[in-house]
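In what follows, residues are counted from 1 in the order of the sequence shown.
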Amino acid sequence: MFSAVTRLATGAGLLCGPVRFDPVEAVPVEPVFAESLHQHTVRLGPRPTGSAGLIDVLGSRGEGGRGGAWFPVATKWRSMLAQPPGGVVVGNGAEGEPASAKDAAVLQSRPHLVLDGIEIAAEAVGATEKVIWLHQGDDRTELAVREAIAQRGQHGSRSPIRVEVGPAGYLTGESSAVIRALSGGPALPAFRSVPATVSGVGGRPTLLHNVETLARIALLARYGLVADTRLLTITGDGVRTAIEIDPAATVTDAVAAGGVDPKTLQAVLLGGYGGQWLSWSDAADLPLSALGKSLGAGILIPLARDRCGLRLTAELDHYLAAASARQCGPCMFGLPALADLFRQVADGRGGRRRLRRVRELLDEVTGRGACHLPEAAVNITTTALACFAADLDSHVNRGRCRHG
């Protein structure tokens with residue numbers, strides 16, 4: 001949906017360097033210079049050994065996972081330590097979200113930071129197996145990771161890290177889908193009723209972190225070195241830009257750093273495909289630090305004044321309906337029906353009756369999915385109805401869009 005050139009421009013931050021590539025053909029627009037093991041060690045020093053004492057550092061900082069859920073890292077580690085040793089640590093780098101590019105930025109420019117993080121985490125919790133999980137089609141990222149692992153082997157590393165690649169798709173990076181796939185099953189989410197205690201890889205204790213989380217762990221383990229920044233992906237005009245920015249910066253600062261002119265905007269989608277719409281007047285001056293979990297995996301999709309937010313939301317609803325696992329009624333029937341009806345409303349063919357049915361479907365789908373994907377469609381659709389109320393009136397009562 002967001003095709004054309006992808007630009008991952010991040011400056012000289014601790015977490016990642018600039019990378020620029022075409023996401024459609026997975027061919028770099030310019031050479032990708034991944035930091036070598038030697039450069040990485042010169043920049044940050046040797047990797048420290050992981051220890052359980054790092055939990056206190058993670059807990060005192062309130063460090064949360066950066067895959068979107070922001071679950072406390074220290075809580076995960078304590079749970080892992082309470083189980084028998086010999087488990088698995090998984091670094092999740094499969095960005096199924098089409099609007100996200102920050103994980104690719106980290107893995108392509110600073111792969112050793114992530115590999116340090118997974119080794120530190122494994123040592124700290126007593127895990128014996130380490131896996132980096134990616135998705136098909138992300139060839140440049142896979143190449144960068146495999147080359148970095150090979151470099152470590154050439155320099156005497158006896159702690160193998162393996163790479164596993166799952167199918168491309170929105171759900172490929174969902175945590176339970178990753179665990180099911182690594183256990184020999186399909187890369188599909190587990191039902192929410194499945195207890196966490198039996199959901200590890202092959203029934204073994206499993207610690208799963210987003211790759212950005214592992215990169216931050218590697219920094220924290222180095223004498224408390226931290227990166228008090230936010231990694232964001234700004235999507236606009238078919239271009240995705242990953243930026244590393246101070247959390248005190250505002251939403252306006254972020255989109256401007258991502259190459260989008262704030263003066264041209266009417267709204268912004270916070271958190272990507274499962275996020276929420278806010279009018280630009282409400283969002284522009286908000287500091288990133290105040291947004292918390294609403295940014296999800298760190299995605300901002302600005303909407304220009306000449307674009308219709310209802311039509312874009314209808315596109316996203318259709319994408320989510322097509323990407324669903326089809327394991328339950330809400331995914332098999334509710335999401336496709338919602339997407340079709342909302343497209344009619346967005347095209348000015350809905351009328352009040354179809355809009356009323358859209359609202360009914362939102363209530364029927366909410367909280368009833370086997371996984372959390374239905375909530376993504378509910379969030380963006382519900383907030384679109386509020387954010388674009390004036391447009392909605394024109395579509396429903398006049399049968400036309402104010403944006404042409």
Side-chain angles (χ1 to χ4, degrees), residues 1-40 43 66-67 90-118 130-154 161-173 178 181 187 209-215 218 231-236 238-244 258-259 272 297-299:
M1 185 174 298
F2 296 103
S3 59
V5 171
T6 292
R7 186 173 65 249
L8 303 182
T10 57
L14 285 171
L15 288 167
C16 60
V19 182
R20 191 170 184 260
F21 65 92
D22 186 312
V24 177
E25 299 180 3
V27 177
V29 174
E30 57 192 30
V32 177
F33 297 106
E35 187 174 56
S36 69
L37 180 58
H38 173 72
Q39 292 168 329
H40 168 73
R43 183 169 69 99
R66 303 304 174 110
V90 180
N92 186 4
E95 283 182 300
E97 165 75 78
S100 182
K102 70 177 180 65
D103 292 345
V106 174
L107 286 170
Q108 289 194 24
S109 59
R110 304 279 193 265
H112 288 286
L113 198 58
V114 175
L115 299 182
D116 277 0
I118 198 170
K130 301 175 287 294
V131 182
I132 297 293
W133 174 257
L134 304 173
H135 65 79
Q136 292 174 352
D138 197 358
D139 299 336
R140 297 303 303 182
T141 298
E142 183 181 352
L143 178 63
V145 173
R146 290 190 183 279
E147 288 185 343
I149 292 173
Q151 288 175 18
R152 295 165 93 88
Q154 292 167 3
I161 301 170
R162 81 173 195 270
V163 176
E164 294 286 348
V165 180
Y170 183 78
L171 293 174
T172 301
V178 176
H209 282 312
N210 172 263
V211 294
E212 182 194 342
T213 307
L214 291 172
L231 281 186
L232 303 175
T233 309
I234 314 299
T235 300
V239 176
R240 294 179 297 171
T241 304
I243 61 170
E244 186 173 356
I299 300 168

Fill in: R66 versus N210, closest heavy-atom pair with distance
O-OD1, 3.7 Å
Worksheet, complete the sentence: d(L232 CG, R240 CZ) to nearest 0.5 Å is 14.0 Å
Worksheet, complete the sentence: Residues passing the side-chain contact (heavy atoms from CB on, under 4.5 Å) test with I149, sequence neighbours excluded, are L115, V145, I161, V163
Worksheet item: Any idea which heavy atoms bring T172 and A94 closest together, and the distance?
Response: CG2-CB, 4.1 Å
Practice prompt. For E164, check side-chain hydrogen bond (donor to acceptor under 3.5 Å, both in side chains) against everything at least two apart and list the hits.
Written response: R162
Worksheet item: So do the side chains of V165 and E142 get within less than 4.5 Å of each other, counting heavy atoms only?
Response: yes
Worksheet, complete the sentence: Looking only at heavy atoms, the pair that brings H209 and T213 closest together is ND1-CG2, 3.8 Å
Item to complete: Could you list the residues that satisfy side-chain hydrogen bond (donor to acceptor under 3.5 Å, both in side chains) with Q39, not counting sequence neighbours?
Response: S36
Worksheet item: Between CG of N92 and NE2 of H135, what distance do you get to the nearest 0.5 Å?
Response: 10.0 Å
Discussion item. On a heavy-atom basis, which atom in S109 and which in P111 lie closest, and how many Å separate them?
Written reply: C-CD, 3.4 Å
Worksheet item: Among all residues two or more places apart in sequence or in another chain, which pass the ring-ring contact (aromatic ring centres under 6.0 Å, His included) test with H40?
Response: H112
Worksheet entry | Charged N-O contact under 4.0 Å between R146 and D139 | no
Fill in: For E97, all residues meeting salt bridge (charged side-chain N to carboxylate O under 4.0 Å, His left out), sequence neighbours excluded
none
Practice prompt. Mark yes or no for whether T233, through its side chain, and A242, through its backbone, hold a donor-acceptor pair below 3.5 Å.
Written response: no
Worksheet item: With sequence neighbours excluded, what pairs up with V211 under the side-chain contact (heavy atoms from CB on, under 4.5 Å) test?
Response: D103, L107, V114
Practice prompt. Give the minimum heavy-atom separation between G91 and L214, together with the two atoms involved.
Written response: CA-CD1, 3.5 Å
Fill in: Smallest separation among heavy atoms of D116 and R152, with atom names
OD1-NH2, 2.6 Å
Worksheet entry | Residues forming a side-chain hydrogen bond (donor to acceptor under 3.5 Å, both in side chains) with S100, sequence neighbours excluded | E95
